[in-house]
Number of protein chains: 2
Amino acid sequence: MTIKEIAQLAGVSRMTVSNVINKKYSKVSKTTIEKVNAIIKENNYIPNLSARNLSAQSSKIIAIIVPLVYGNDSLFSDPYTAQIVGILENNLRNKGYFAMIRSVKALSDTVTFLNSWNIDGAIFIFPKPEINVNQLLKQVSTEIVFIDSYQEVENSLSINIDDYKGTYLATKYLIEKGHTKIGFAAPKRSNNLMELRYRGYEDALKQSKINFDSSFFFDSDISLLSGIKIGEKIAKQKKLTAVITTADVVAIGIIDGARSEKCRIPDDLSVIGFDNLTIANYCYPKLTTVNQDINKKAELAISLLFDRIEKKNELPNKIKLDVSLIERESVKPLN
Amino acid sequence: MTIKEIAQLAGVSRMTVSNVINKKYSKVSKTTIEKVNAIIKENNYIPNLSARNLSAQSSKIIAIIVPLVYGNDSLFSDPYTAQIVGILENNLRNKGYFAMIRSVKALSDTVTFLNSWNIDGAIFIFPKPEINVNQLLKQVSTEIVFIDSYQEVENSLSINIDDYKGTYLATKYLIEKGHTKIGFAAPKRSNNLMELRYRGYEDALKQSKINFDSSFFFDSDISLLSGIKIGEKIAKQKKLTAVITTADVVAIGIIDGARSEKCRIPDDLSVIGFDNLTIANYCYPKLTTVNQDINKKAELAISLLFDRIEKKNELPNKIKLDVSLIERESVKPLN
DNA sequence: TTGTATGCGTTATCAT
DNA sequence: ATGATAACGCATACAA
């Protein structure tokens, strides 16, 4: 069923039908509107968006680009990403847009994808260092909002959190509770994210004149498995009384790994997470963690994207969200 | 950059360029192929898929339709859905398709969505009773594979698991361990899923001549919160020694809720989950649960969908996957 | 208020 | 081996 057929049934031109569909009522008489609408309904006519988009040079599609976790089949190994994507879809749908999700490996993949469809905008979650944001923006005309990008690119749109503050708060909190042997589990690959979180940790130590020992550092992926290995190692070494992480999933992994080596949590080892995922409140012990407002992050990404798509330009290029420490049960005071 | 421009630059017709792009090499000379390819590369030409799809009447888009959880902003409140969607996207991308995700509330939403784009196929995860599969199939020409559909519709394509066996195994296991006061937490709304899982539970009880008491039943959503409330209730009542659930998230919620009422798990209450999510292995205590192969489920959905899209018709309409019980630490023997 | 012509970028068909 | 024409379904610009 096409506009043409509807037009024939209604005995009007295609344009009249088109105007009815697009509610350009000033251009059509009431009688015609009603007649056409009746026929549209009767025939269950639904506009062909491929055609509309070709004509309009705009697709009403927003791309959601997510990192492809190497060695993993699923994009959503991390519930953090899943939660964001869910909120994005919800907001986009309510705005009359469509959400196309795509995982990408390389810059060229990304460019091809974004230029293939007349994509109206994109939200890119955690662009890995392999994908150079600067290059990407040069090769693509789509508006892109980056969530958790730690490539500092002027003029790029991004939503981040105060990473420095997050680890700073966590470390400070442990120190207040009497801990001095505080491990730090984070991905090693140097990027700004890690730089910031590392500095937060380091500065808090320094302020209390605690020496950083390189054996305090544990290279981790953002995965349970990675956490488990670190937990086992920490339990065997018996050198630390506490450890902070850069993701709740890692923290939960550490707890599990340490426990398997007879290390009690938090009695023998205090653990602090990062993200405040839903599960952080239901694992055992309930996880003391750095809270970030994931929902707000996703919603702001949408706001910023549409601020630019609609050329309002009211919001700043870079938005940084605050974090806070949530006290639960995975930290034991030593004093 | 369009085909037309490439054609002009190369001094050939649009069709020749099109043939090169689509690798119809029998129709183009080697020299031309090379010349055209060079110009394409040089200009970073990328085909416009909107146009291609309009022409081809096919979009290379596969819709992933997920249930909208009422009162929840995120589609992926449940990691189970997130995992499936991740695997689907991965498989689709590898096949050269695009994944459009969409949550739907009503039948009409769904029909409009599927008919708007020239969508090549759809995978529908857990169609709620509100969306009548039979009606849907009548109003849509797209091939749809249903995952976890409990509306029995002849000729519809579906991937399910052996729900009856799942709860049967769980209940039987508890009985073997000496439990007789076994609760059952599941969504009450009557549909086939619940019917099947309920019967598995009930039959196992019957076979051991254990009477079912209506107070053993707890109406639950598939959510942590729902589990928590049930856990609290069970702990307060102190009537049960064990409870089985229809989702790991509910089981984890129950553990948390019961624990908050000083009920020790598994000492005072044994709990069995359902799904064997990743987290089931890392919560505390590690969850004894009914395992289903989520990855295989998603992969089979893709296989079945493309079996029909490509008109091979080698696979059966309905595929039912086996389940098994995974023994971990959330059940304590009473004998 | 309604209709006509044209273009969006691609591909199928049919000539040459 | 290459090219001309039409078609996919819709919307913009302009004419009547």
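Naming convention: chains lettered A, B, ... in sequence-line order (proteins, then strands); numbering from 1 in each chain.
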Completion exercise
In short, salt bridge (charged side-chain N to carboxylate O under 4.0 Å, His left out) pairs touching residues 37-58 of chain B with sequence neighbours left out are none

Handout entry: Difference in axis direction between the ends of the helix from C:dT1-D:dA16 to C:dT16-D:dA1, five pairs, 10°
Key = 40°

Practice task
Could you tell me whether A:K30 and A:E34 make a salt bridge, using a distance below 4.0 angstrom between a side-chain N and a carboxylate O?
Solution key: no

Exercise for the section: State which residues pass salt bridge (Lys or Arg N to Asp or Glu O under 4.0 Å) with B:K297; sequence neighbours excluded, sorted by chain then number. Expected result: B:D148

Practice task
Quick one, give me the B/S/- string for nucleotides 6-16 of chain D, reading 5' to 3', where B means a protein heavy atom under 4.0 Å from the base and S means that only happens at the primed atoms, P, OP1 or OP2.
Solution key: B-BBBBBB---

Exercise for the section: On the 0 to 90° scale, with breaks at 30° and 60°, tag the B:F113-A:F98 ring pair as parallel, tilted or perpendicular. Expected result: parallel

Practice task
Would you mind reading off the distance between B:N53 atom CG and C:dA12 atom P, rounded to a whole angstrom?
Solution key: 12 Å

Exercise for the section: Please check the phosphate of D:dA1 (OP1 and OP2 only) for any side-chain N or O of B:T16 closer than 4.0 Å. Expected result: no

Exercise for the section: Nearest 0.5 Å please: distance from the CE atom of A:M1 over to the CD1 atom of A:I6. Expected result: 5.0 Å

Handout entry: With B:Y45 via ring-ring contact (aromatic ring centres under 6.0 Å, His included) - residues at least two apart
Key = none

Handout entry: Within residues 307-318 of chain A or reaching into it, pairs that qualify as salt bridge (charged side-chain N to carboxylate O under 4.0 Å, His left out) - sequence neighbours excluded
Key = A:E310-A:K312

Exercise for the section: Taking atom CD of B:E152 as the centre, report whether more than 12 heavy atoms of other residues, nucleotides or ligands fall under 6.0 Å from it. Expected result: no

Handout entry: Between C1' of C:dC8 and CH2 of A:W117, the distance in whole Å
Key = 15 Å

